[in-house]
There are 2 protein chains.
Amino acid sequence: MSPTPQQRRAARHRLGTGQGDAPPARRGPSGGRKKPITVDAIITAAFGIVEAEGYEALTMRRVATALETGPSSLYAHVVNKEDLDELLIGRLCAGIELPEPDPERWREQIVGVCAQLRDQYLRYPGISRAAFAAASSNLDTLRVGEGMLAILLAGGIEPQAAAWAIDSLALYVNAYTLELSVADTRLGRTGGDDWVVSREELLRRFAALPDSFPQSKRYAAELTAGTLHDRFDFTLGLMIDGLPRPR
Amino acid sequence: MSPTPQQRRAARHRLGTGQGDAPPARRGPSGGRKKPITVDAIITAAFGIVEAEGYEALTMRRVATALETGPSSLYAHVVNKEDLDELLIGRLCAGIELPEPDPERWREQIVGVCAQLRDQYLRYPGISRAAFAAASSNLDTLRVGEGMLAILLAGGIEPQAAAWAIDSLALYVNAYTLELSVADTRLGRTGGDDWVVSREELLRRFAALPDSFPQSKRYAAELTAGTLHDRFDFTLGLMIDGLPRPR
DNA sequence: TCCTGAGTAGAACGGTGTTCGTGACTACAG
DNA sequence: CTGTAGTCACGAACACCGTTCTACTCAGGA
């Protein structure tokens, strides 16, 4: 009996086996008919949809039609939409490259991992919403946690501080990318350089603020400043440079 | 002609008038019939639902039945569900108390505001999801931004750093409360002290991890440590203590 | 040859946000 | 007092969502 999706998901959460579960014989590609549906095909199709149209457009029905089938067919391979979300961020985390910890370069290494996460999240806009729900349960997400922990420990950070820091860092990356994504989808999906005009518009709005907002009006330039990921780098620097190192 | 909800929302986003828009005569309470539906009544009912059953349960239909009417009746006062979300976090932010900036106590003041935000978000579990979408557009949210900015400036923080910092702080508070909320709803809503048993369960899971997770297994205690809001305080401290002060 | 059982779908259920058209009601002009 | 205009409330309906029930196909074992 090949495992039901429920069993597969339970196994994924058991956190015991490190990847067992040999692909169960896959009955027959059966020569003709159509392509058989696999979990991998579902995930790939889902990623395609999210990359093209954003996470909002990711519905069971859209995935099904992308696979030229009905919605119910997916439920033989996936427990839930929540389960699909988990699989998505699992595969996303699986693609993160974790460097060998180098005590001399721990700072740039940890920033590099965070930037990888950020770029992956932004590549699939809105998917951070799924990441919030699936965080810290999947094995693949734990792998990047392990990698980040190893980097900080190699850098001589106190274990307790390191443990809490990787949590905060991951949380911030999620939140940052989520905010960016919803801001993007908010004002139409005109990609490209329209964030510049958006900045001028922002400045105009700040200038039009009532007088009960003196600081915001005065420092409107600072509030709207920052190209691309300046804010991101700033906050990461704040969190990293403050970490206590007993040595 | 009394303003349509669309106009009202547009005015809310215009950021010009500082609260104008005198309550437009409110035709007649009309003595009898039933209670007339107002935007305020809608918001209050919505808060009640979220507080009792979480943000997931907040549907137009639920609000409507709470007001003893049909769903379509709400759309005379509210543009959207998105609009309702915005109104909710608007009122929530309006309830935040902003202290008079004191250069001697800027640190505890900024932490206090963040803690207020955190507690409000946690009081209405899941509402941070709405906050992510509505951030930085509403006038009430800008008010707390202004207050935080004033505190940091009074503390002698560089304007650019202060501007970016309030953004990061607000973002982190949102993310932290959102994660806590989804974690709560994840394992049934048994309130109270079941997070203790959850911690032992977590330790057991970490112990059962494969050997490719040496650091996570070794520092499982640190990873699962922290009572209540220790993690929150830790991260806030990281972000605040690292702020550059030219003086 | 039949039988079994996993994988595939079609149809349907209950739920969501939102819109349309109708009706009741109030306030005001004649 | 009557007619009219305009606002508001509401039932019904639409399109879509996640999910389940059920029948059906069809390769492999007996």
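Residue numbers begin at 1 in each chain, while the letters A, B, ... track the order of the sequences.
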Would you say [X] and [Y] make side-chain contact, with heavy atoms under 4.5 Å?
X         : Y         : answer
Val79(A)  : Glu86(A)  : no
Tyr55(A)  : Asp85(A)  : yes
Asp140(B) : Val144(B) : no
Leu88(B)  : Tyr124(B) : no

What is the separation between atom [atom1] on [X] and atom [atom2] on [N], rounded to the nearest whole Å?
X        : N       : atom1 : atom2 : value
Leu74(B) : dT18(C) : CG    : C1'   : 11 Å
Tyr75(B) : dT7(D)  : OH    : P     : 21 Å
Glu56(B) : dG18(D) : CD    : P     : 14 Å
Glu68(B) : dC8(D)  : CD    : P     : 20 Å
Ile42(B) : dC8(D)  : CD1   : P     : 12 Å
Leu67(A) : dT8(C)  : CG    : P     : 10 Å

Check: Nearest to the side chain of Ile37(A) - dT19(D), dA9(C), dA9(D)?
Finding: dA9(C)
Within the distance-only criterion (no hydrogens, no angle test), does the side chain of [X] pair as donor or acceptor with the backbone N or O of [Y] below 3.5 angstrom?
X         : Y         : result
Arg231(A) : Gly226(A) : no
Gln120(B) : Ile96(B)  : no
Asp230(B) : Thr227(B) : yes

Next item on the list: Work out how much the helix from dT1(C)-dA30(D) to dG30(C)-dC1(D) bends between its end axes, five pairs an end, to the nearest 10 degrees.
Entry: 30°
Protein-nucleotides 14-16 of chain C N/O pairs closer than 3.5 Å?
{"from": "dT16(C)", "atom 1": "OP1", "to": "Thr59(B)", "atom 2": "OG1", "distance (Å)": "3.4"}

Check: Can you find a donor-acceptor N/O pair under 3.5 angstrom joining the side chain of Ser72(A) to the base of dA9(C)?
Finding: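 Donor-acceptor pair under 3.5 Å: yes.
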Checklist line | Donor-acceptor pair between Thr44(A) and Arg91(A) side chains, under 3.5 angstrom | finding: yes
Next item on the list: Could you pull out all residues at least two apart from Arg61(A) that satisfy side chain to side chain contact (heavy atoms under 4.5 Å, CB included)?
Entry: Thr59(A), Pro71(A)
